[in-house]
S.K.: 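My questions all concern the structure below.
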Amino acid sequence: MEDLSEGCHGLPPLPARLEPWMQEVLADAEGCAAMLEEHGSPLNLHDFSALARNAAELERPAERAGVRLRIFAARKANKTLGMMDAAHAAGHGVDVGSYRELAQALDRGIPAADIVVTAAVKPRPLLRLALDSGALLVLDNLDEASSLAAEVADRQETGSHPIALRLAPTPDELIAPTRFGESASTWQDWAREPGALQGLRIEGVHFHLHGYDVEARARAVGESTVLIDALREAGHRPWFLDIGGGIPMSYLDDAGRWDAFWVAHDGQGRAPGEEVTWRGERLRQVYPYHQALTRGAWMEELLRRVARDLRARDLELRCEPGRSLLDGCGMTLARVVQRTGTSDGIPLVGVEMNRTQCRSTSDDFLVDPVLVRTGGTASGPMEGYLVGAYCIEAELILRRRLAFPGGVAVGDVLALPNTAGYLMHILESASHQLPLASNVVKEGTGFRRDGIDALSPMRP
Ligand SMILES: *Cc1c(COP(=O)(O)O)cnc(C)c1O
């Protein structure tokens with residue numbers, strides 16, 4: 001197979017790890033151009049075959065450690081219905097963050113027992129739908145608990161609804177402060193209030209930490225088991241502990257390239273041709289695109305610390321991975337429409353997409369795009385930046401300077417690899433009345449349109 005990184009690479013390069021399905025798509029230039037012609041640019045391609053493999057990587061160490069593990073795919077990381085289908089087909093649940101996410105999961109046939117509602121804000125209609133369906137609610141705070149109590153009281157049903165309590169672990173040098181959840185003592189006090197738990201039953205304790213540190217998770221698990229013990233002593237019967245998401249993954253195989261990038265970044269000059277990022281502006285908040293400890297190995301490390309405590313209490317371990325479950329499941333294609341430059345001479349490649357269509361909370365997506373040549377007349381070799389459709393000066397698709405050693409032509413296709421986790425959807429906007437990107441999912445030998453596009457508020 002030809003080297004897919006030949007047509008375009010960053011300066012310095014950060015070559016993507018490409019799944020076989022991505023290589024197959026990228027090897028067919030005509031096919032790529034035809035899909036953009038049919039569905040518009042940009043286009044989000046999905047092939048969820050890696051999802052079950054990613055989940056199995058988490059399950060193996062749990063099995064070895066004698067711990068029951070249940071995985072819930074965090075829906076917010078990718079909006080397709082195909083993502084839920086894939087999680088469900090592989091025997092996993094779904095973690096939902098809004099009314100619509102919950103309604104769509106139920107409509108899709110995901111049983112309520114396989115859904116966990118962790119939404120940061122839970123308006124009454126969401127509480128009602130969870131109660132109607134039987135989906136487990138993760139209670140975040142005392143006001144939410146009061147709203148839920150009021151909803152439950154309105155129904156005068158017999159029986160009880162499953163909930164979990166979101167613990168805000170005590171901040172320390174490893175655990176960052178969080179706006180989510182309540183302290184263990186707040187929950188214990190609440191559970192003692194007469195009537196607080198009327199019509200509810202506590203099934204578990206949940207937390208979700210910022211960052212990826214295994215030691216921080218182990219510490220939060222310890223604090224959760226203390227809360228679980230106290231709740232059990234008070235007569236409740238929590239039986240699971242949910243560690244949320246934040247399970248690490250790597251976009252890059254090569255640790256050396258990652259380190260070299262940072263050396264170049266930190267030492268970059270500002271002169272044109274010497275800079276690593278747009279106008280030499282430093283990146284501050286970035287996802288660790290290469291990490292030493294990912295998925296299976298990370299889970300093994302965590303269980304080495306906590307498996308005994310979980311087994312001793314007969315607790316099921318739950319997790320809600322988003323990004324790391326979607327590793328290898330998506331790729332974004334965009335059409336090259338123009339080659340221009342700034343008035344001070346910086347070469348630009350304009351693509352038919354905008355910067356919200358490959359973006360997360362990270363300052364940049366630190367993975368090299370792949371250039372698919374489609375036979376048009378190429379420019380000479382060039383180095384410059386990828387820009388998009390929003391009428392903003394710094395409308396950069398990627399902030400890194402890129403090399404196109406064989407030039408680039410109008411009509412070429414640029415592929416952004418491994419974008420299924422957050423990059424496609426979490427910040428996408430339809431400003432300028434530009435339509436949202438279409439989403440397609442692998443089916444048989446081709447790709448079919450995902451049902452979410454018909455449900456999108458932007459589409460008639
Ligand atoms: C965002 C989120 C997740 C998923 O996090 P990842 O980093 O994508 O694994 C899981 N649970 C909750 C409560 C979240 O807010």
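Excluded from the calculations below are hydrogen atoms, water molecules and symmetry mates; all remaining heavy atoms, backbone and side chain alike, are included.
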S.K.: Taking Arg355 first and then Glu395, would you say they form a salt bridge - that is, a charged N and a carboxylate O separated by under 4.0 Å?
M.R.: yes
S.K.: Donor-acceptor pair, Trp187 side chain versus Leu227 backbone, under 3.5 Å?
M.R.: no
S.K.: Is it true that Arg201 and Glu203 have a side-chain N and a carboxylate O under 4.0 angstrom from each other?
M.R.: yes
S.K.: Does the Lys122 side chain pair with the main chain of Leu139, one donor and one acceptor, at a distance under 3.5 Å?
M.R.: no
S.K.: Can you say whether the rings of Phe365 and Tyr251 are parallel (under 30°), tilted (30 to 60°) or perpendicular (over 60°)?
M.R.: perpendicular
S.K.: Just by modelled atom types, is the Arg295 backbone N or O under 3.5 Å from a matching donor or acceptor in the Glu57 side chain?
M.R.: no
S.K.: Which of parallel (below 30°), tilted (30 to 60°) and perpendicular (above 60°) describes Tyr390 and His432?
M.R.: parallel
S.K.: Is the number of heavy atoms from other residues, nucleotides or ligands within 6.0 Å of OH (Tyr99) greater than 12?
M.R.: no
S.K.: Please confirm whether the backbone N or O of Ala120 pairs with a side-chain atom of Asp140, one donor and one acceptor, at under 3.5 Å?
M.R.: no
S.K.: Between Phe261 and Trp258, how do the two ring planes meet: parallel, tilted or perpendicular, split at 30° and 60°?
M.R.: parallel
S.K.: Would you please classify the geometry between the Phe48 ring and the His46 ring as parallel, tilted or perpendicular, with 30° and 60° separating the classes?
M.R.: parallel
S.K.: Is it true that the NZ or CZ of Arg217 lies under 6.0 Å from the centre of Phe207's six-membered ring and within 45 degrees of the ring axis?
M.R.: no
S.K.: Under the salt bridge (Lys or Arg N to Asp or Glu O under 4.0 Å) rule, collect the residues that match up with Arg284, sequence neighbours excluded.
M.R.: none
S.K.: Give the intermediate values and the outcome of salt bridge (Lys or Arg N to Asp or Glu O under 4.0 Å) for residues Arg335 and Asp412.
M.R.: CA-CA 6 Å; Arg335 190 162 35 217; Asp412 282 352; over 6 Å; no
S.K.: Would you confirm whether Thr356, through its side chain, and Ser429, through its main-chain N or O, come within 3.5 Å as a donor-acceptor pair?
M.R.: yes
